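Everything numeric here is computed off the predicted structure, so don't read it as measured data. Order of appearance sets the numbers: ligands from 1, and atoms from 1 within every ligand.
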Amino acid sequence: MEQTYDVIVIGAGPVGENAADRAARGGLSVAVVEAELVGGECSYWACIPSKTLLHPGAARQVARDAAGVADPGPLDVSAVLARRDEMTGEGDDSGQEDWLASVGITLVRGHGRLVGERLVEVVPATGVDDDAEGETHRLAARCAVVVSTGSAPVVPDVPGLAAANPWTSREATAAEAVPESLVVLGGGVVGVEMATAYADLGARVTLLAREGLLEGAEPFAGEMVADALRAAGVDVRLGVEAQRVERPAPGGPVTVTVAGDDGPGTVTGAELLVATGRRPRTGDVGLDSVGLEPGTPLTIEDSTAVQGVAGDVVGHPWLFACGDVTGRVGTTHQGKYQARVAGDVIAALYGSGGDGEAAAASPGTGWSRYAARADHGARTHVVFAHPEVAWVGPTEAEATRAGLPVRTVSVDLGGVAGAAVTSPHYGGRVQVLVDSEREVIVGATVVGPDAAEMLHAATIAVVAEVPLGTLWHAVPAFPTVSEMWLRLLEAYGL
Ligand SMILES: Cc1cc2nc3c(=O)[nH]c(=O)nc-3n(C[C@H](O)[C@H](O)[C@H](O)COP(=O)(O)OP(=O)(O)OC[C@H]3O[C@@H](n4cnc5c(N)ncnc54)[C@H](O)[C@@H]3O)c2cc1C
Ligand SMILES: NC(=O)c1ccc[n+]([C@@H]2O[C@H](COP(=O)([O-])OP(=O)(O)OC[C@H]3O[C@@H](n4cnc5c(N)ncnc54)[C@H](O)[C@@H]3O)[C@@H](O)[C@H]2O)c1
């Protein structure tokens, strides 16, 4: 049987849910297809559980740094894990299902794949990355299909690694007990956050990174996080490559043989977490049926319309993609931003929800609700280590490569009165990149406690291109860490 909707969304993670919601607000009928849990990776095995695991360690650090507060001592592991379970609903997505129903969106459970223009086949699914087969039914889209199937972890081709049955981020965020020791392979965001969380929870952690930590961030940020992890007892090994992995007994200790600047060596742990990146989940969504290459990211325009779709008519795109599946962003917040654009473009082109001409036109260089322009110069990142790292826009190296005339200004946060009153040990740094011709901030990095919360002022300055002379009149309260803005402007010469 074939059912018809205006819009079909494949993948009900945070991104698919948002695209569906925006299209439905534009008066279109919408069905979302979900193979596993409504809410996606973020709700059950990524953002929510990882941040819930990390918060108690951050709170303990604040207590330790404050004069006169007794050291809270070790964390209550079972209470932390119970809170994590509460936040993930232990895999019960009925609340999200109810929400979809409340906004008039139809949920179709199963594995969705394209089988031609505006056509989606749905088969029963046992797990999102399993081969999905079985009785099929068809959905037809009058207007558009959105692919928001997210991403899956990459397990690199290191001899013995896959056979050792390592943890990926799913097992690390869903663990029911804390192993005595954990080896983490990969010095990116997952590696750093999970090394922090498991060290907080009492595991002996070794972090193996090919280069420095947090390669996408400013180098000083990775260095500060490495210093803090070492101070917390984590064995951080930089510049090492995993050569071989052995786990003689299933569930027993696992040994990684590494090579690096200090020569070869081995590291053994009760568990091994692989945190070496993710790939867009496009291997089994029927891309070949519309002239696209399965397994590759879905390359999108700023309107989120997918490029290179067979038979596409200019001005009437029907296939859209947003979130991790595009390979363009790797965070929930940037994916949801794209989803808002996707839903609004579709509603404007095909529904009653906006200005179709504006949605079809090239947005040029201006800000338009029909273009995910912030993906380029104003993307935001947060890493919930202790200290937190947060940045917006390009790093200094990226800005220089792009030929931007940037001047870098930085301030040690420990010297700001608002930081000093909280702790004599306050460790943090802020750096901004100023376009010295236009005298506007084009990028900023904050490292320190609550950096993720402090980032948004910088994001507003970047997106709104606030001239430094105007920013001077945004007076930060005393004594707050926000006085970093005053110190930065003074350091620039105001
Ligand atoms: C450990 C970890 C921590 C993270 N922490 C943060 C954080 O703090 N902040 C942040 O912004 N980002 C964080 N991220 C990144 C964030 O999780 C992703 O960017 C986000 O989940 C992407 O959302 P999405 O909807 O594109 O994909 P997903 O959340 O992966 O959702 C995709 C959905 O599509 C479904 N699906 C896939 N294929 C099909 C199919 N063929 N048919 C039907 N359904 C299908 C899946 O079941 C899933 O529900 C973290 C990632 C990890 C791994
Ligand atoms: N707070 C957040 O927003 C948050 C938290 C966690 C994850 N995420 C997102 O999830 C995605 C995945 O994170 P991730 O940390 O897995 O990826 P990543 O790309 O951030 O880091 C991967 C790391 O693995 C290393 N690596 C790759 N291959 C390797 C190999 N063979 N041996 C050793 N090291 C290797 C890389 O050098 C890099 O340091 C990213 O898009 C990230 O932004 C976001």
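- Ligand 1 lies nowhere less than 4.0 angstrom from a heavy atom belonging to Gly335.
- Of the charged side-chain nitrogens involved, at least one lies within less than 4.0 Å of a carboxylate oxygen, so that Arg113 and Glu121 count as a salt-bridged pair.
- At least one N or O atom of Thr332 sits closer than 3.5 Å to an N or O atom of ligand 1.
- Taking the salt bridge (charged side-chain N to carboxylate O under 4.0 Å, His left out) definition, one finds that Glu246 meets it with Arg244, sequence neighbours left out.
- Between Lys51 and Glu193, at least one side-chain nitrogen of the basic residue sits less than 4.0 Å from a carboxylate oxygen of the acidic one, meeting the salt-bridge criterion.
- Annotation: side chain of Val245 is not in contact with side chain of Thr255 (no heavy-atom distance under 4.5 Å).
- Residue contacts with ligand 1: Cys322 is placed with no nitrogen or oxygen under 3.5 Å of a nitrogen or oxygen of the ligand (distance criterion only).
- Every atom of ligand 1 is numbered from 1 in the order shown, and the set under 4.0 Å from a heavy atom of Gly330 is 15 (C), 19 (O).
- The closest approach between Arg278 and ligand 1 falls below 4.0 Å for a heavy atom of the residue.
- Checking only distances, Val15 does come within under 3.5 Å of ligand 1, N or O to N or O.
- For a threshold of 3.5 Å applied to N or O pairs, the pair formed by Glu41 and ligand 1 contains at least one separation below that value.
- Taking 4.0 Å as the cut-off between side-chain N and carboxylate O, Asp21 and Arg25 count as a salt-bridged pair.
- A cation-pi contact, defined as under 6.0 Å to the ring centre and within 45° of the axis, is absent between Arg142 and Tyr5.
- For the side-chain contact (heavy atoms from CB on, under 4.5 Å) criterion with Leu107, the lone passing option out of Val33, Val38, Asp93 is Val38.
- Using a non-hydrogen distance threshold of 4.0 Å, Val325 does not register as a contact of ligand 1.
- The side-chain contact (heavy atoms from CB on, under 4.5 Å) search around Ala59 returns His55, not counting sequence neighbours.
- A heavy-atom distance below 4.5 Å is not found between the side chains of Leu119 and Ile8.
- The distance from the NZ atom of Lys336 to the SG atom of Cys42 is 7.0 Å, given to the nearest 0.5 Å.
- The Val285 neighbourhood of ligand 1 comprises atoms 41 (N), with distances under 4.0 Å to a heavy atom of that residue.
- Residue Glu193 has no N or O atom closer than 3.5 Å to an N or O atom of ligand 1.
- Between Arg247 and Glu271 there is a salt bridge, with a side-chain nitrogen of the basic residue lying less than 4.0 Å from a carboxylate oxygen of the acidic one.
- Taking a cut-off of under 4.0 Å to the non-hydrogen atoms of Lys51, the atoms of ligand 1 that pass are 5 (N), 6 (C), 7 (C), 8 (O).
- Listed by atom number, the atoms of ligand 1 under 4.0 Å from Gly40 heavy atoms are 29 (O), 31 (O), 48 (C), 49 (O).
- Here is the list of ligand 1 atoms found below 4.0 Å of a heavy atom in Ile10: 40 (C), 42 (N), 43 (C).
- Considering backbone and side-chain N/O of Thr173, none are found under 3.5 Å from N/O of ligand 1.
- Considering backbone and side-chain atoms together, His333 places an N or O closer than 3.5 Å to an N or O of ligand 1.
- Each of the following atoms of ligand 1 lies closer than 4.0 Å to a heavy atom of Pro14: 23 (O), 25 (O), 29 (O).
- Residue Ser169 places no N or O, backbone or side chain, under 3.5 Å from any N or O of ligand 1.
- In this structure, the salt bridge (charged side-chain N to carboxylate O under 4.0 Å, His left out) partners of Arg237, at least two apart in sequence or on a different chain, are Asp235.
- Residue contacts with ligand 1: Ser43 is excluded, as none of its non-hydrogen atoms falls under 4.0 Å.
- Each of the atoms 26 (O) of ligand 1 lies under 4.0 Å from some heavy atom of Gly323.
- Salt-bridge formation is detected for the pair Arg22/Asp344: a Lys NZ or Arg NE/NH1/NH2 atom is positioned less than 4.0 Å from an Asp or Glu carboxylate oxygen.
- In Ser148, the part holding a heavy atom less than 4.0 Å from any atom of ligand 1 is the backbone.
- For a heavy-atom separation below 4.0 Å, the residues in contact with ligand 2 are Lys51, Pro156, Leu185, Gly186, Gly187, Gly188, Val189, Val190, Glu193, Arg210, Glu215, Ala275, Thr276, Gly277, Arg278, Gly330, Thr331, Val382, Phe384.
- For Gly112, a nitrogen or oxygen atom sits less than 3.5 Å from a nitrogen or oxygen atom of ligand 1, counting backbone and side chain alike.
- A salt bridge links Glu36 with Arg170: the distance from a Lys NZ or Arg NE/NH1/NH2 to an Asp or Glu carboxylate oxygen falls below 4.0 Å.
- A donor-acceptor contact closer than 3.5 angstrom is absent between the side chains of Glu301 and Thr304.
- For Asp6 and Arg118, the salt-bridge test fails: no basic side-chain N is under 4.0 Å from an acidic carboxylate O.
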